[in-house]
Q: 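Before we start, here is the structure in question, set down as structure tokens.
Numbers restart at 1 for each chain; the letters A, B, ... are given by sequence-line order, proteins then strands. Computed from a predicted model, the values in this text were never measured in an experiment.
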Amino acid sequence: MIQRPTQASIFNLVRSGLRLNQARLARAQEQVATGKRILRPSDDAVGTSLGLAVRRQQGGVEAYRSAISTARPVLSLAASHLQDASGMLSEARALIMQGMNGALNPEDKEAIAGQLDLLYEGLLDLANSRSGERYLFSGTATDTPPYQEAGDGRAVYTGNQNEQSIMVGRGVQIGVNVPGDEIFGSFDPTGVSFDGITGVKPGTSANSGVGYHDLLVRHTKTNGAPDQGVALANGGFDDTIMGPHTVTVDGLAGTAQLGTGPAVAIPQPPPASLELTDADGSKVFLDFSAWSGAGTTFVLTGAGAITLNGAAYAPIDLTETDLELVDEKTGTVLHLDTTGITRAAPELVTFGGTANIFDTLRGVSADLRNDLGFDAGESLIRIKERLVEFDRNQSNLLMGMGKLGGRTERLDSTEQRLGELSVHLDALVSSIEDADLGEVILDMSRAEQTLQIAQGTGARLLDQTLLNFLR
Amino acid sequence: MSGFGLNIGLQALLNAQSSLETVGHNISNANTEGYSRQVLHTSAARSINIRGLEIGGGVRSDMILRTEDALLTRRIVAQTSLVRRLDSMLVNMGGVEALLGEPGGFGIGELMDGFFGSISSLSTNPEDPVFRTGVTQASTALTSQFHQLADQLGQLQSEAADRIAYFTSEVNVRAQQIADLNQEIAKIEVGGVAANDLRDQRDLALRKLAEQIDVTFHEEGNGAVRVLVAGQLLVGPTTVNELRSETDQEGNIELFVQGGTEPVTPKSGEIGGLLEFAEGFVPDLSAKIDRLARALIVESNRVHSTGIPQAGGYQKLSGSFPLQDTDADGDIMDELLSDAGLPFGLEDGVLYVHVRDTATDELTTTKVGIDTQRMTVGDLLDSLSAIDNLAASLDSVGRLQLNSTSGYQFDFSSRLNAAPDTQGTFGSGRASLGSSAQGPYNLIAGSSLDLTGPISSFSVTLDPAGFADMSEATAEEVAAALNASPDMGANLLQAVAVDERVYIQSIGSGAAETFTVDGGGAAGVLGFTPGTVTAGHDTAVTVGVTGAYTGSTNELYVFTPQADGQIGTTPGLQIKVETAEGEAIAMLDVGPDYQPGTPLEVAEGVSVSFTYGEISAADNDAFQLHAIADSDTSDVLVALGVNSLFDGTDAETFELRKDIAADGSLLAASATGAPGDNGALLELMALQTEDVQALETSFTEFYGAVIGGVGFDISSTQNSSEVEQFLVDALDERRLQVAGVNVDEELVDMIQFEQAFGAASQFIQVVNQLQQEILNLI
């Protein structure tokens, strides 16, 4: 209550009233012009803190989103390569089935082998495909091509088993690669198997190794005493029997038979070299030129040596049940039961569950070319043996594709979720920091009104002086 | 009648005139700042006894006094100081607020997002040089924003000092003015007259002075005032003690009054506000920004120091913080690590150092214990240099230098050793025999071990010189003492230490390698059975480790066979895994059901595989695997600034490490050494959201709180300022009520006194007429 108003206090009153209302107007104008309620931290300290927290959260979401958008093309590229690879494998499988047809002549087989070689090359290129400078399928060893041909010509995995992950949320990571050895040749060892041509069996000790290996049983000598004038042709040098095999010469029928193999008619005049084959495929060559014509039965015993991948030959003692063979080059350790060996021949050793798709393709192609000179049945056994690994690898590839697909899907759904979150956060920042235009304009018109009233009353008030009446 | 009546009339006339003049003075000063309305005080003159009557003697003009409330003036002066302090702070804090660039998105917050965003981008493609450049650029942008802010805050601080100096001179001008007025007032009032206008001026001068600085004042008997600033005399009755400001080297501003020895500390007024701004608000904010920068440096470096660059390791690293000779005895080496002048703290813990042979990829992991209270700089250098193929030294200014031998690289990551049997003590091709007893061994001087190698039988006498304490001999010391014998090398034998056991082994591999421990005094203590013949193997067990350790503590896994036998073959063959402390971790079945080469899960994401070969419990076969959760629990790398991401210790010195800025490939993105690995980057990214040790909250929240704090300071200052301003206004209003001039009132007074003047004139005329009439009688 002003007891004794003075001009000065009235002027002050009017002045401060105008200032206050003009400041309100200016503030409202500022908010309308910028659309922001908080232009500086002091406008609303709590709101500012809150807004900053949401903005940082938004920053985090943007970081995750940018990681996803960078990672996705790489993932898609990998997926599309695997799609191609899957097509190639289907094609390869069809070719292998075709190659297993016993009626094919060597030229046909050569043609199929040639096509398989092309697929092998194509697949190797795919496995070694890059995005920019990085290899897609070598785990995190992205500067190393995942499959390189080692000294023995085998394509081996030289990447690592690690997954590269990106962060898509607090403590949430999504892997964006699948290491090549999960796709093109996973390691899931099931033990050693042999194709069974020589009759070798696994030894009692365990084995270490990967993929296919060639075991070669070599015949070095045939022991035994043929009688009735029959002798070893060429000193038994060409024989392939291992261990004891019985030769039965039937003088009446004029036939000769090795073990349980087919009886062979002895031509007249008796030849200097007659080939006899046992049921297991082992052969002896006998010189009948001095044959007495009488029937006889005698036992020939083949002796030999054995090698793994052409390393030093170890002599075979056919009573050995745990012969250790080591290939220093590949670190392979093999234990063999030699008691069943009846024939000198190359033997295919398969470390089950460890051969990669390249091993398999290359092996089938070599089997089709048949450089080792197997007969049709033996070839088929080898190819069939390899087909097991092929099928395993094909399903691995499909699983790898599925894994990549799942990741792409997860990236997509995360991206979508982050997109929604981003919109939500935007809205949140806006609700914290932005001006409610309706409210501001209402404030503004209120301030305007008050200002006008203040101006009006001020003008009236200032006009009131006694001087107006003192004439 | 005559003279007396005229006299009464004259006095009335003069009195009315004086009143009119006073009204005129009031009207003319109606708008003069600080002016108090003056009033002519009158009283009835002494009566005279005439004709037995006490006849009034007319009017007497006593004194012109100003209408003033001294208490109010005092309160206004005090309140003015408060308001000005707040206003001054507001203006200056507003400047700071603008610097922060928030929440508009031009501040540190956005650049932190940019930094973490660039890390995120790089994490999708860690080998991409473009993304690496992205990180270095984002880091530089972030650090420059910190520099700019630190710089601008410093500038504001020094500007405030300048302004204080300016206001100090203002204060001195006012003080002089008050002193001058003091003298004039005293001179005038000594005659018993009120120096109204001078007092008004002095009150105004006091108020103006209070705008600059808070003062107290009291009036002396002679009308002069003494003015005190924070208890020290600024203005005496006639003198002025001038105020001056000084800025010391640390930028602290101090004020002194002339003759005073203690600095004065104003609490309000412009100067008080500026002081509070420059010495309270700005340093406070600077400290918070510094703390944020420091936390960013420490936390990023903690991750980065244990990362691995694109090259797969380091051949050379240099610390960024010099170790200091704090006791100034000319020798840095004797300083304790905790007292070597390092800017960041380090604690007791361990540091793992990996040295990798780049040709064979063989990794040797060494655990270095860091005891901050016992370990000296020299000890640290020795421990690091003791690692094969690594050399540690200090450069000329005392920064740690690490260099590996050519062909080797080192790192401090938490990677797993993929081939942990580095010593060949676990089924390798070597003939290898471990001691049954574990160290430390209670050996006596002169103890010997008798051996028969392929060349000769010999006895090695353990040289006490090689032991710190022979009764507490460690396996390492025993192995070193054995290797010191030339007979060992001549017989192609060597000794190594694994799991606190001493192993004697052949250097070559194969079943043909043999040696015999024949006996000797040490054989019993070490636990070697005399006469044991040990032979090598043609097939060696290769141990392979895959996976990543996910445990939370650092462990040393020790693998020991439970029997003699062949991997994948011998029925019931098991390998026991336990920690170095003997806590059981796993029992791995490697009997007939095990396909050699298949990874077996050990624990916490670590898998191990064994190829075929022979292992022996009797020979004490064993190998160790470091499972590292945190490869530097001591933070010694951060403290020394080794392999850091950022250099510096505060906002001003916060800087991306120079060589990384120049060459992005040095950015340690990988946790395992593989170029596509982004482990370190993911850890850096995690810093964006998680609570960090250095702040006890997240960067984001801390920064938000800093900005919010500034906003809160300003808005609360603003509120206070409004309240205080309102108080001043109210006080002013009250002063105006008392001392202000109401022109209408004055006009009424004027008419009143005009009429009085007229009446007095009329009275004189009447008296005069009466006299004329009397004269006419004559």
Q: Shortest non-hydrogen contact from A:Pro189 to B:Gln595?
A: O-CG, 3.5 Å
Q: I'd like to verify something: which residue of A:Arg65, A:Lys36, A:Arg56 has the highest number of heavy-atom pairs under 4.5 Å with chain B?
A: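 If we count pairs closer than 4.5 Å to chain B, A:Arg56 comes out on top.
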Q: Examine whether an atom of B:Arg37 lies under 4.5 Å from a heavy atom of chain A, and if so say whether it belongs to the side chain, the backbone or both; otherwise answer neither.
A: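 Side chain of B:Arg37 only, per the 4.5 Å heavy-atom cut-off to chain A.
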Q: May I ask you to name which of A:Ser205, A:Gly353, A:Gly59 has the most heavy-atom pairs under 4.5 Å with chain B?
A: A:Ser205
Q: In Å and rounded to the nearest 0.5 Å, what is the CZ to CZ distance from A:Arg407 to A:Arg410?
A: 8.5 Å
Q: For B:Glu110, is it the side chain, the backbone, both or neither that has a heavy atom under 4.5 Å from a heavy atom of chain A?
A: both
Q: Given the options A:Tyr64, A:Tyr135, A:Phe351, which has more heavy-atom pairs under 4.5 Å with chain B than any of the others?
A: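 It is A:Tyr64.
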Q: Any idea which of A:Asp44, A:Thr70, A:Asp43 has the most non-hydrogen atom pairs under 4.5 angstrom with chain B?
A: A:Thr70
Q: At a heavy-atom separation under 4.5 Å, does A:Glu163 approach chain B through its side chain, its backbone, both, or neither?
A: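 Answer is neither: A:Glu163 stays 4.5 Å or more from chain B.
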Q: With only heavy atoms counted, which part of B:Val743 is less than 4.5 Å from chain A, the side chain, the backbone, both or neither?
A: both
Q: Of the backbone (N, CA, C, O) and the side chain (C-beta and beyond), which part of A:Gln58 lies under 4.5 Å from a heavy atom of chain B, both, or neither?
A: neither
Q: Contact part of B:Glu701 toward chain A, heavy-atom cut-off under 4.5 Å: side chain, backbone, both or neither?
A: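 Neither part.
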Q: Under 4.5 Å heavy-atom distance to chain A, tell me which part of B:Ile707 shows up: side chain, backbone, both or neither.
A: both
Q: For the residue pair B:Thr539 and B:Glu614, confirm or rule out a side-chain donor-acceptor distance under 3.5 Å.
A: no
Q: Given a strict heavy-atom distance threshold of 4.5 Å, which part of B:Ile751 is in contact with chain A: side chain, backbone, both, or neither?
A: side chain
Q: With a 4.5 angstrom heavy-atom cut-off, is it the side chain or the backbone of A:Val333 that approaches chain B, or both, or neither?
A: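 For A:Val333, side-chain heavy atoms alone lie under 4.5 Å from chain B.
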Q: Under 4.5 Å from any heavy atom of chain A, what part of B:Phe131 do you find: side chain, backbone, both or neither?
A: side chain
Q: Quick one: what part of B:Thr700 sits under 4.5 Å from any heavy atom of chain A, side chain, backbone, both or neither?
A: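 Both parts, backbone and side chain.
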Q: Which one of A:Val326, A:Thr48, A:Val176, A:Asn207 has the most heavy-atom pairs closer than 4.5 Å to chain B?
A: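 Most pairs with chain B among the choices: A:Asn207.
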Q: With a 4.5 angstrom heavy-atom cut-off, could you sort out which part of A:Gln161 is near chain B: side chain, backbone, both or neither?
A: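 Side chain of A:Gln161 only, per the 4.5 Å heavy-atom cut-off to chain B.
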Q: Most heavy-atom pairs under 4.5 angstrom with chain B, which of A:Ser165, A:Ala141, A:Gly51?
A: A:Ser165
Q: Just give me the residue among B:Leu122, B:Asn125, B:Val738, B:Val706 that pairs up with chain A most often, heavy atom to heavy atom, under 4.5 Å.
A: B:Asn125
Q: Determine the minimum heavy-atom distance between A:Arg27 and A:Leu39, stating which atoms define it.
A: NH1-CD1, 4.4 Å
